[in-house]
Amino acid sequence: MSPETITASAAVTKTERTRARARAARNRKYLVTASRIAVLLAVVGLWEWLARTAVIDPFNFSMPSKIWDQIRTWAVDGTAQGSLWEQIWYTLYEALLGWVIGVIAGVLLGIALGRVRFAADVLGPYIKVLNALPRIVLAPIFLIWFGLGPASKVASAVVLVFFPVFFNAFQGAREVDRNLVANSRILGAGNRQVTLQVVIPSATSWIFTSLHVSFGFALIGAIVGEYIGATKGLGLLVAASQGTFNAAGVYAAMVILAIVALLAEGLLTFLEKRLFRWKPADADTTR
C-alpha cells in the first residue's frame, strides 16, 4: 500500500471519528432535553393527581391547572396592580439595574484589591465582616432609607450581587499566570497595561462564572424588597396573593420568576460561549 493511500485512509478514518463524535454529542443533547421534559411532566402530573385526589391539600398546595389558569388570567385581564407585563418589567428593571451596578462595583474592587496587596490586607477584614452579615435583612433598612420606589429594591439587589462577583474577580486577579505578568514587564508594560491586557482577560472566565449566580441573587433582592413594600412588581403579587390566601397566585408568580431567570441564564450562557470560543469543549461532550 502506497504512502498516499495510507494518508488518505487515515484522513477518512479521522473524519469518520469526528462525525461519530458530533453525532454522539447531538444524540446525547437530545436525550438530555427529552429527559428534562419527562421529569418536568412527571412532577407536574404527580402534583396535579395528588391535589385532585386530596392526598395533599389543594387549598395550601394548589395544583398546576389552577396555577396555569392564574397566569392566563393575569396575562389577559391584568392584576390589581396593573398589567402582568408591567409587573414583570418592573421587577426585571430593578434586578437588572442592581445587577449591573453590583457587577461593575464587584469587578472593579475585586481587580483592584487583587492587584494591590496592601489595600487587600487593609480592607480584607472589613469585606469579610460585611459578607458574613445576612444581607437579606438589609432590605427593610433600604426601604426606610429609599422608600417604596425602585431604589430600595435596586440597593437590595446590589448588596446580593456584589460579593460573589467581588470574590471571583479578586481570585481571578490573584490566579493570573505570573510568567505572563513577568513577560509583560520585560516587554516594557506598565501597571495599567498589565492590568488591562493581562489581568482582566485572565480573570474574565472567573468573572463570568459569578455572573450566572449573581443574576439570580439580583432577582432575589428585587423580589424580597417588593415583598416587604412596593407599589408594583412580582414580589408584590406574591405578597398580595399570600394576603388573600391565593396559593395559585403565589406559585404563579414563582413560575413567572423562574421563567425570567431561565431566560437570563440562557442569554448569559450564549454570551459566554461567544466570548470564549477558544475554550475546549467539555470532555463529556466528546465521548
Side-chain angles (χ1 to χ4, degrees), residues 30-99 136 139 143 148 150 152-154 156-157 160 212-270:
Y30 292 152
L31 178 61
V32 169
T33 302
S35 299
R36 288 173 177 173
I37 295 174
V39 169
L40 176 62
L41 292 177
V43 171
V44 171
L46 180 62
W47 184 2
E48 183 78 17
W49 179 77
L50 291 174
R52 286 187 179 276
T53 56
V55 176
I56 59 175
D57 186 359
F59 179 79
N60 292 324
F61 292 92
S62 190
M63 60 183 69
S65 58
K66 289 185 177 180
I67 295 171
W68 170 250
D69 290 340
Q70 181 67 78
I71 295 175
R72 186 174 57 185
T73 300
W74 281 347
V76 175
D77 301 330
T79 69
Q81 294 76 31
S83 71
L84 175 62
W85 315 113
E86 185 180 7
Q87 312 311 309
I88 295 174
W89 167 245
Y90 201 75
T91 299
L92 192 57
Y93 163 76
E94 294 165 346
L96 277 174
L97 185 56
W99 182 71
I136 288 296
L143 187 65
L148 294 175
S152 57
K153 289 71 179 175
V154 171
S156 298
L160 288 176
H212 293 277
V213 179
S214 61
F215 187 78
F217 287 162
L219 284 173
I220 292 172
I223 290 295
V224 170
E226 291 171 351
Y227 182 84
I228 295 174
T231 57
K232 295 179 183 178
L234 293 176
L236 181 59
L237 289 183
V238 173
S241 298
Q242 182 186 19
T244 58
F245 299 98
N246 179 12
V250 174
Y251 288 116
M254 293 171 60
V255 169
I256 295 170
L257 183 62
I259 293 173
V260 172
L262 286 175
L263 291 176
E265 172 68 18
L267 179 59
L268 285 173
T269 302
F270 172 77

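- Considering all non-hydrogen atoms of both residues, Trp47 and Ser62 come closest at NE1-O, 3.4 Å.
- A distance of 12.0 Å separates CD1 of Ile67 from CZ of Phe61, quoted to the nearest 0.5 Å.
- Summarising the geometry, atom CG belonging to Leu262 is positioned 12.5 Å from atom CG belonging to Leu267; distances are rounded to the nearest 0.5 Å.
- With values rounded to the nearest 0.5 angstrom, Ile259 atom CD1 is found 12.5 Å from Met254 atom CE.
- Of the possible donor and acceptor atoms, none in the side chain of Glu226 sits under 3.5 Å from a partner among the backbone N and O of Lys153.
- Across every non-hydrogen atom of Thr91 and Gly235, the tightest pair is OG1-N, 4.4 Å.
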task: Begin from the C-alpha positions of Phe245 and Asn60 and carry the test side-chain contact (heavy atoms from CB on, under 4.5 Å) through to its verdict.
output: CA-CA 8 Å; Phe245 299 98; Asn60 292 324; over 6 Å; no
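- If you take CD1 on Ile220 and CG on Leu160, they are separated by 7.0 Å, rounding to the nearest 0.5 Å.
- Salt-bridge annotation for Glu86 and Lys232: present, with a side-chain N of the basic residue lying under 4.0 Å from a carboxylate O of the acidic one.
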Check against side-chain contact (heavy atoms from CB on, under 4.5 Å), Trp74 and Leu237: CA-CA 10 Å; Trp74 281 347; Leu237 289 183; 4.1 Å; yes
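- Heavy atoms only, all atoms of each residue included: Ser156 and Gly221 are closest at CB-O, 3.5 Å.
- Taken to the nearest 0.5 Å, the CD1 atom of Ile228 stands 8.0 Å off from the CD1 atom of Ile136.
- Side chain of Gln81 to backbone of Gln87: no donor-acceptor contact under 3.5 angstrom is found.
- Listed here is the closest heavy atom pair of Gly233 and Tyr90: N-CD2, 4.1 Å.
- Between Ala95 and Ala222 the shortest heavy-atom distance is N-CB, 4.1 Å.
- Here CG of Leu41 is found 12.5 Å from CG of Leu46. Values are rounded to the nearest 0.5 Å.
- Residues Ala157 and Gly98 share a closest heavy-atom pair of CB-CA, 3.9 Å.
- Here the side chain of Thr244 pairs a donor or acceptor atom with the backbone of Ser241 at under 3.5 angstrom.
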Margin query: Test side-chain contact (heavy atoms from CB on, under 4.5 Å) on Leu234 and Leu219; report intermediate values, then the result.
Written below: CA-CA 10 Å; Leu234 293 176; Leu219 284 173; over 6 Å; no
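- Counting heavy atoms from C-beta outward, Arg52 and Ser65 have side chains that approach closer than 4.5 Å.
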Begin from the C-alpha positions of Leu84 and Ile256 and carry the test side-chain contact (heavy atoms from CB on, under 4.5 Å) through to its verdict. CA-CA 10 Å; Leu84 175 62; Ile256 295 170; 3.7 Å; yes
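- Ion pair Lys66/Asp69 not flagged as a salt bridge, since none of the NZ, NE, NH1 or NH2 atoms sits closer than 4.0 Å to an Asp/Glu carboxylate oxygen.
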